[in-house]
Structure formats: C-alpha cells, structure tokens
Peer 1: 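First the structure, then my questions, so here it is.
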Amino acid sequence: MTKFYITTAIPYVNARPHIGHAIEFVEADVIARYRKMRGDDVFLTTGTDENSLTNVLAAEKAGVDVGEFCALNSGAFRKLADSIGLSYDSFVRTAIDNDHAKVAALLWGRCSKSGDIYRKVYSGLYCVRCELYYTDNELVEGLCPEHRTKPELVEEDNYFFRLSAYQDRLLGLIESDRLKVVPESKKNEVISFVKAGLDDFSVSRSVDRAHGWGIAVPADSSQIMYVWFDALGTYLTGAGLPSDMERFRKLWPADMHVIGKGILRFHAVYWPAMLLSAGFELPKEVFVHGYVTADGQKMSKSIGNVVDPQVMLSRYGADALRYYLMKGISTFEDGDFSEKALRDAINNELVGNLGNFVNRTLSFIYDRLAGEVAGQELGEGKLVMEKVHALAREAAALLDEGQLNQALLRIMEISSVGNKYFQENEPWRLLKEGDSGAVNGILLVCANICRTLGILIWPYMPSASEKLLAYIGQERRELKYATELLHGFSVGKPVILFNKVE
RNA sequence: AGCGAGGUAGGGUAGCCUGGAGUGCCCGCCGGGCUCAUAACCCGGAGAUCGGUGGUUCAAAUCCACCUCUCGCUACCA
C-alpha cells in the first residue's frame, strides 16, 4: 500500500473562514479521497496558523484575549472542515499544540547547527501604524502606501536565515521536478523568482514587536520566531514529529502541499530551503490553486461581499457546495463564486442530469421490474458501457494530473450518456410491448452506469455517492470497480439524491 | 511602475503546452419529440471576424512579435 501524505495550508485566524478557504479544503479532500479509492494509505493534515502579529492586532481590536480569539476562530475553521466533509486525520493549532512548539524549536536548532541562522542588525523603513517594514520601491513617493505617512528608520537586531545559500540547489530541484510545482505556470513563476536572486530573510522579531505572542527563539528570550518559520513546520508536526516517530518515518516527506497562489514563495522557496538546511527530505509536490472572487469582485470586508461558506452549507448542503466549487471554478485559475450559479448548477446538473438519471433508472427497476435486473444480452448497450468506461478512465487520468475540474466534467458526461441511452431505447415502450428481455438489458446497462457514477462521484460528493451505492446494493467503491460490468442488481426503493432549490 | 493572469456566440467556460475544418460543455433563446423520471429527459436550430495587427507554416483560437482592454499581486492573504 502506497502512503500518501497531503496537507492543506493552515489559514490565519485573524478572521472567520470565507469561501476561498472552503475551496482549498474541498480540493485537498477530493484528491485525498481519490487516492483512497485508488488504494493508497492516505493521511491528511490541516490546522490553523495562530502565531502571527496579525492575530494579536485583530484580537486587540476586538478587545479579546489573543488566546481566546485564536481559539474562537480556529474553532470556526475546524467547524468548516467538519461540515464541508474534509477527511482530515490531524488538525494542528500552532499556538497551543505542544508538539508543534517542539517542532519549531527543533527546526530552528537544526538550521542553526547547519550555520544557516545568524544575527544581524537590520535597519529599514518602518510604518508604525502598519507595523511593517517597507522597501523603497514599495513606498509611494516615500510614504506608506496604506497610511500616506512617512515611515521611520528603525534598527533592530534579528536572526536571519541564509536563503541565498540555497539558490542554485532550489533552482535545480524545481526545474527537474524533484520538487514539483503544479501547474506549470506557477513553476515558471517560482523559477524566475529564484533566478532573480534570493535574499536572506529575517526569521525572528523582537518580543516587543511581536507583542509577546508566538514561539520563542531557543536560547534567546528577547526574540520570537517569524510566524512563517513555525507555521511551515506544521507539516512536520502533522506527520507525527516528534512524539510519534513511527508515523513520521512512514509519512514524511509530504507527497502534496495544497496551497493558494498567494503563499507560493513560502512553500516553493523558503520551506524547501529550510528543510534542506535542517536535513529533512523535501515534499514532492506543491499544488497551487487560484483565488475566488464573489460575483465578479474581489471579496473584501469593505465591499461587504465576503461569502460565508457556512451559510452556503446550511442552505445547500456539503455535496452541492463541493460540486459547485469543483465544477464551476477551474482548478488552477481564479474563479468566480455566485450563489445564482450555484443554484443553477444544483437544479440543472445535479437534479436535472445526475439525480434524474439515477432516479428514473432506479424507480423503473423498483416499480416495474420488482427491484431486480439480471444478466441479459446487452447488444448495443455494450457499446454504451464501453463509452462510459472510457470516460471513467479519462476522468481517472485527469484526477491523476490534478485536473479536478476537468475530471468532474467527464463524470457528468457519463450521466448525460446514460440519460441519452435511456431516452433512445424507450424501455417504457418496450415494456408495454412485452419485450421484457430487452427491457432488462437496458436497465442492466443503466444500473451499471449508476454504479460507475456512484463510485466516481465519491471524492466530490461523498454522501450522495454512499447513498446511491447503498440503493443498488454495491458498497465497494475502489476505483477499479468503476469500469467493471456487473450482471445483476437488486435495488431498494430509491430516495431523491438531490433536491431542487426554488 | 514591476510581476502575474486573462480577453472564445447574449452570459459563463473548456480547447492553447504536444498547430490540422470553430470542436465541446453549462445557462439563456427558438422549434420539435417523448412521457420511465424530481414540469424532468431527448433531438434539432439561431447566434462567434476565437481582443487587434503583423509574422512563422501547406495549415494558427493554438507558435512568435507588437498593440489594446480587463483583472489580480507587489512579502506575511486559501
């Protein structure tokens, strides 16, 4: 059994989850479930990133204790993960997970031992109101782009990581796909970023500037780790380091990090460099998805168009939301979320195409054939099954490449093929004419198509899949069964898989 | 300004890497069929100078150059 260790990025908890977080959860979950269907031993890690100054500021603004604030928002992310059906095996909270603090310290210690962490006086232009350093070219006419104020020249003593030393090795690893960056366009971005030259980056903050929040630098109580330094370590923590070394040895290195495009550098440059320095194996793949806009506009609090996934879940359920996110938004590009489109997809595709095909097939068998179809000469149905199986193999090949959106389109096409076949062969007419042999053959084909569909939709819509497979008495959902032809079915009374929305 | 992503029928998309008749999908529109099914399904049709110009080629939505428009990012945002 091949192990497959997959991670989602860990979101900041400075605000509640929005629809963009939901799409990442769904994407990672679809891949995880697909790998399970293929027979892999899958382990999925997620969690929340809590040691950031952003969180402290957000908590102060809300007038709440930072710890409570993080716990509250982390809970909201966990609730989203649960309700959207993310099949995670470990959930790391960076602020309170004991193992995680140990991992951060261990990582620091190993990088330090390699000689890649050093102290340096850093001076830069600092905007007090942003609490951020700016470089000259970020400033607009010498002023903070946000506040239009003149930044102060601040000097601070920090630790730095020798990223510059890894430039050539990183380039080689990424170009050769030893560290695979998907899609190719993102790989090219990383390559040009690395080629432009890598600067060492600061990996600590003064306790003062960090407002005392975060993981302390080992043996220096005046400094706190830069939030990304500890956050990336989550992937090691999730795998079991350091308390469950047996699991860690089995899972590491990660097979896939699923991330949004905004944090590509951290995952494809900083993180592998840190791992090289610390002497850990590198992850195999960084899988980068786009961002989601809402009704054509960027989601933002000021516009007031932030889509709350929890509201969508309560209105339409996890399967429908998962379906729409995977079908309506392309896997690697930015995409638009609209509730109208979601509702249309439910009514026209889930209900009209998939749900209807399953329903007309199963209710026909149940009502008119006493719930049984048995082996018959399939005739033309054989060609239809071949087409269905070809589409199933195509979908699987696309899923292998991470083309989640394209694969789902193929799967839905199977349902269209089924509807067309049913329509053209008119089993209801043949039944009246008394040709029960032909009717049986047609319905056997349709039942087999239902089974193929039931298996293939599992990564996308697990509940509907399980329901459907249960109705036709087929619980097995390994991928190999999706292209297998069964010669007999016994179906129970069908229940509606998807309901129309008004 | 720099970097990045896009511009394909009324709307939304796929195709572009690995050129080969504008090929496909979803919605909308028009007409027809059917009645097993959640007023659903099936068939047919109208509608596109594939952003523009130039180039490479026997052949370009697809490759190259330039132009134009839109959008995003610019370090702690999935």
Side-chain angles (χ1 to χ4, degrees), chain A residues 8-12 14-15 17-28 49 52-54 77 131-135 137-138 140 145 183-186 188-189 192-193 196 199 201-202 205 226-229 231 258-266 270 288-293 296-300 327-330 332-336 338 340-341 344-345 347-353 355-365 367-368 403 405-406 409-410 412-413 416 418-432 439 442-443 446 494-500:
Chain A
T8 72
I10 54 170
Y12 277 119
N14 63 333
H18 56 65
I19 199 75
H21 298 104
I23 203 170
E24 174 158 318
F25 282 174
V26 175
E27 228 163 58
D49 183 3
S52 137
L53 180 60
T54 318
F77 279 98
E131 308 219 30
L132 280 176
Y133 282 98
Y134 283 101
T135 60
N137 53 19
E138 285 167 344
V140 178
E184 185 113 8
S185 58
K186 292 291 182 289
N188 294 336
E189 260 181 54
S192 60
F193 178 72
D199 294 330
F201 67 102
S202 162
R205 303 284 183 265
Y226 172 51
V227 63
W228 271 106
F229 195 92
V258 177
I259 62 165
K261 66 180 186 179
I263 53 175
L264 176 58
R265 282 177 202 176
F266 298 101
Y270 293 20
V288 191
H289 61 80
Y291 279 172
V292 180
T293 54
Q297 285 183 300
K298 188 188 175 180
M299 273 189 283
S300 85
K327 151 67 178 43
I329 295 173
S330 76
F332 300 113
E333 305 289 334
D334 290 356
D336 190 55
S338 98
K340 164 84 165 58
D344 285 347
N347 288 340
N348 299 319
E349 297 166 36
L350 291 182
V351 176
N353 183 2
N356 192 244
F357 172 65
V358 168
N359 189 241
R360 73 201 294 201
T361 299
L362 300 191
S363 58
F364 196 102
I365 297 173
D367 292 335
R368 285 146 209 273
Q403 301 275 5
N405 172 280
Q406 292 294 306
L409 293 176
R410 297 303 185 285
M412 291 305 282
E413 200 182 330
S416 294
N419 268 321
K420 197 171 166 183
Y421 175 74
F422 199 107
Q423 188 73 23
E424 282 173 352
N425 287 278
E426 304 178 301
W428 60 89
R429 188 174 57 80
L430 295 174
L431 194 68
K432 278 181 197 155
V439 171
I442 292 162
L443 268 299
C446 291
V495 178
I496 300 295
L497 281 184
F498 304 102
N499 289 299
K500 268 207 151 184

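Sequence lines set the chain letters: A, B, ... in the order given, protein chains first and strands last, and positions in each chain run from 1.
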Peer 1: Under the 3.5 angstrom rule, does the side chain of A/Asn405 hit a backbone N or O of A/Lys327 as a donor-acceptor pair?
Peer 2: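 Pair found, side chain donor or acceptor close to backbone of A/Lys327.
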
Peer 1: Centroid distance below 5.5 Å plus an interplanar angle below 30 degrees: do A/Phe364 and B/rC36 meet both conditions?
Peer 2: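 Per 5.5 Å and 30° rule: no stacking.
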
Peer 1: From the list B/rC42, B/rC41, B/rA78, which nucleotide is the closest neighbour of the side chain of A/Arg360?
Peer 2: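 So the nucleotide nearest the side chain must be B/rC41.
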
Peer 1: Which residues pass the side chain to side chain contact (heavy atoms under 4.5 Å, CB included) test with A/Tyr291, not counting sequence neighbours?
Peer 2: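 Side chain to side chain contact (heavy atoms under 4.5 Å, CB included) check on A/Tyr291 returns A/Lys261, A/Asp334.
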
Peer 1: May I ask which nucleotide in the shown strands pairs with B/rG19, Watson-Crick or G-U wobble, both distances under 3.5 Å?
Peer 2: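 The answer is none; no pair meets the criterion.
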
Peer 1: Nearest whole angstrom, please: distance from the C1' of B/rC36 to the CD of A/Glu426.
Peer 2: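 Computing the A/Glu426:CD to B/rC36:C1' distance gives 11 Å.
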
Peer 1: Rounded to whole Å, how long is the line connecting atom CZ of A/Phe193 with atom P of B/rG4?
Peer 2: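 Those two atoms, CZ and P, are 13 Å apart.
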
Peer 1: Consider only side-chain N and O atoms of A/Gln403 and A/Arg410, and report whether a donor and an acceptor are under 3.5 Å apart.
Peer 2: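 Not at all, the side chains of A/Gln403 and A/Arg410 share no donor-acceptor pair under 3.5 Å.
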
Peer 1: Let's test this: given Watson-Crick or G-U wobble pairing with both distances under 3.5 Å, identify the partner of B/rC36.
Peer 2: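 The answer is none; no pair meets the criterion.
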
Peer 1: What nucleotide among B/rC26, B/rA78, B/rA75 has an atom nearest to a side-chain atom of A/His18?
Peer 2: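 The listed nucleotide nearest to A/His18's side chain is B/rA78.
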
Peer 1: Could you work out the separation of B/rA9 and B/rG51 based on their P atoms and round it to a whole Å?
Peer 2: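 Approximately 8 Å lies between the P atom of B/rA9 and that of B/rG51.
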
Peer 1: For B/rA59, give its Watson-Crick or G-U wobble partner with both distances under 3.5 Å, or none.
Peer 2: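 Checking every strand shown, B/rA59 finds no partner, since no pair has both distances under 3.5 Å.
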
Peer 1: If you only use heavy atoms from C-beta on, which nucleotide in B/rA75, B/rC36, B/rA78 is closest to the side chain of A/Tyr226?
Peer 2: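 Closest nucleotide among those given: B/rA75.
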
Peer 1: With a 4.0 Å limit, can you tell me whether A/Tyr291 has a side-chain N or O closer than that to the phosphate oxygens OP1/OP2 of B/rA78?
Peer 2: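 For A/Tyr291, the contact criterion (side-chain N or O under 4.0 Å from OP1 or OP2 of B/rA78) is not met.
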
Peer 1: With rounding to whole Å, what would you report as the distance between B/rA46 and B/rG28 at their C1' atoms?
Peer 2: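 B/rA46 and B/rG28 have their C1' atoms separated by 13 Å.
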
Peer 1: Report which part of the nucleic acid A/Pro427 touches: base, sugar-phosphate, or nothing (heavy-atom distance under 4.0 Å, all strands).
Peer 2: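 Nothing: the residue A/Pro427, judged by heavy atoms under 4.0 Å, touches no strand.
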
Peer 1: Using a 4.0 Å heavy-atom cut-off to protein, can you give one letter per nucleotide of nucleotides 7-18 of chain B, 5' to 3': B if the base is in contact, S if only the sugar-phosphate is, - if neither?
Peer 2: -------S----

Peer 1: Between B/rC36 and A/Gln423, counting only base atoms on the nucleotide and side-chain atoms on the residue, is there a donor-acceptor pair under 3.5 Å?
Peer 2: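 Answer yes: a donor N or O sits under 3.5 Å from an acceptor.
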
Peer 1: Find the distance between CG (A/Leu350) and NZ (A/Lys500) and round it off to the nearest 0.5 Å.
Peer 2: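 These two atoms lie 12.0 Å from each other.
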
Peer 1: Specify the separation, in whole Å, of atom CG of A/Asp344 and atom C1' of B/rC29.
Peer 2: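 Rounding to the nearest Å, CG of A/Asp344 and C1' of B/rC29 are 15 Å apart.
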
Peer 1: As a test of reading the structure: which of B/rC36, B/rC41, B/rA75 is closest to the side chain of A/Asn419, going by heavy atoms?
Peer 2: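 Nearest listed nucleotide: B/rC41.
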
Peer 1: Looking at A/Ser416, does any N or O in its side chain come under 4.0 Å of the phosphate oxygens OP1/OP2 on B/rC25?
Peer 2: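 Checking B/rC25 against A/Ser416, no side-chain N or O comes under 4.0 Å of OP1 or OP2.
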
Peer 1: Which one is paired to B/rU53, where only Watson-Crick or G-U wobble pairs with both distances under 3.5 angstrom count?
Peer 2: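 For B/rU53, the partner nucleotide comes out as B/rA65, under the 3.5 Å rule.
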
Peer 1: Considering every strand and a 4.0 Å limit on heavy-atom distances, what is the contact class for A/Leu497: base, sugar-phosphate, or nothing?
Peer 2: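 The residue A/Leu497 makes base contact.
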
Peer 1: Which heavy-atom pair separates A/Tyr12 from A/Ser52 by the least distance, and what is that distance?
Peer 2: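 So the minimum-distance heavy-atom pair works out to CE2-CB, 3.1 Å.
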
Peer 1: Considering only atom P, compute the distance from B/rG11 to B/rG47 and round it to an integer number of Å.
Peer 2: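 To the nearest whole Å, 16 Å.
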
Peer 1: When you get a sec, tell me which of B/rA78, B/rC77, B/rC41 is the closest nucleotide to the side chain of A/Asn356?
Peer 2: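 The answer is B/rC41.
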
Peer 1: What is the base-pairing partner of B/rA1, counting Watson-Crick and G-U wobble geometry with both distances under 3.5 Å?
Peer 2: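 Across all strands, the one nucleotide that pairs with B/rA1 is B/rU74.
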
Peer 1: What nucleotide, of B/rA78, B/rU35, B/rC26, holds the atom closest to the side chain of A/Trp428?
Peer 2: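 For A/Trp428, the side-chain atoms sit closest to B/rU35.
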
Peer 1: side-chain contact (heavy atoms from CB on, under 4.5 Å), that's the test. Do A/Phe193 and A/Leu264 meet it? Break it down for me.
Peer 2: CA-CA 11 Å; A/Phe193 178 72; A/Leu264 176 58; over 6 Å; no

Peer 1: Rounding to the closest angstrom, what is the interatomic distance between B/rG19 and B/rU13 at atom C1'?
Peer 2: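 The same atom, C1', in both gives a distance of 22 Å.
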
Peer 1: Can you tell me if A/Asn359 uses its side chain to pair, donor with acceptor, with the backbone of A/Gly355 under 3.5 Å?
Peer 2: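 Looks like no, no N/O pair under 3.5 Å.
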
Peer 1: I'd like the P distance from B/rG33 over to B/rU38, given in whole Å.
Peer 2: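 To the nearest whole Å, 23 Å.
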
Peer 1: Tell me the interatomic distance from A/Asn425, atom CG, to B/rC43, atom C1', rounded to whole angstroms.
Peer 2: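 Whole-Å distance recorded here is 15 Å.
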
Peer 1: Does any nucleotide pair with B/rG31 by Watson-Crick or G-U wobble geometry, both distances under 3.5 Å, and what is it?
Peer 2: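 Paired with B/rG31, as far as the under-3.5 Å criterion goes, is B/rC43.
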
Peer 1: Taking atom P in both B/rC16 and B/rA21, what distance in whole Å separates the two?
Peer 2: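 Each nucleotide's P atom is 14 Å from the other's.
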
Peer 1: What is the distance from CZ of A/Phe498 to P of B/rC41, rounded to the nearest Å?
Peer 2: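 Those two atoms, CZ and P, are 14 Å apart.
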
Peer 1: Can you measure A/Ile329 atom CD1 to B/rA78 atom C1' for me and round it to whole angstrom units?
Peer 2: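 Spelled out: CD1 on A/Ile329 to C1' on B/rA78 is 12 Å.
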
Peer 1: Please tell me which of A/Phe422 and A/Gly352 maps to the more 5' nucleotide of RNA chain B, matching each residue to the nucleotide holding its nearest heavy atom.
Peer 2: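 Looking at RNA chain B, the more 5' nearest nucleotide goes with A/Phe422.
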
Peer 1: Once you round it to whole Å, what is the distance between P of B/rC26 and NZ of A/Lys340?
Peer 2: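 Checked: the NZ to P distance equals 16 Å.
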
Peer 1: Can you name the nearest heavy-atom pair linking A/Leu430 to A/Asn425, along with the distance?
Peer 2: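 Nearest pair, atom of A/Leu430 first, then A/Asn425: CD1-O, 3.5 Å.
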
Peer 1: Please measure how far the C1' atom in B/rC63 lies from the corresponding atom in B/rC50, and state the result in whole Å.
Peer 2: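 It works out to 16 Å between them.
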
Peer 1: Provide the distance between the two P atoms, one in B/rG45 and one in B/rA5, to the nearest whole Å.
Peer 2: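 Result for the P pair: 39 Å, nearest Å.
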
Peer 1: Grab the NZ-P distance between A/Lys261 and B/rC73 for me, whole Å please.
Peer 2: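 That distance rounds to 7 Å.
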
Peer 1: For A/His289, what residues pass the side chain to side chain donor-acceptor pair (under 3.5 Å) criterion, not counting sequence neighbours?
Peer 2: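 For A/His289 the side chain to side chain donor-acceptor pair (under 3.5 Å) partners, ignoring immediate neighbours, are A/Glu24.
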
Peer 1: Contact class for A/Glu349 vs. all strands (heavy atom < 4.0 Å): base, sugar-phosphate, or nothing?
Peer 2: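 Answer is sugar-phosphate: A/Glu349 comes under 4.0 Å of backbone atoms only.
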
Peer 1: Under a 3.5 Å cut-off for both distances, is B/rA9 Watson-Crick or wobble paired, and to whom?
Peer 2: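 Because no pair has both required distances under 3.5 Å, B/rA9 counts as unpaired.
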
Peer 1: Is any side-chain heavy atom of A/Lys432 less than 4.5 Å from a side-chain heavy atom of A/Glu426?
Peer 2: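 Side-chain contact under 4.5 Å: no.
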
Peer 1: Would you mind telling me which residue lines up with the more 5' stretch of RNA chain B, A/Tyr270 or A/Ile10, judged by nearest nucleotide?
Peer 2: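 The residue whose closest nucleotide sits nearer the 5' end is A/Tyr270.
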
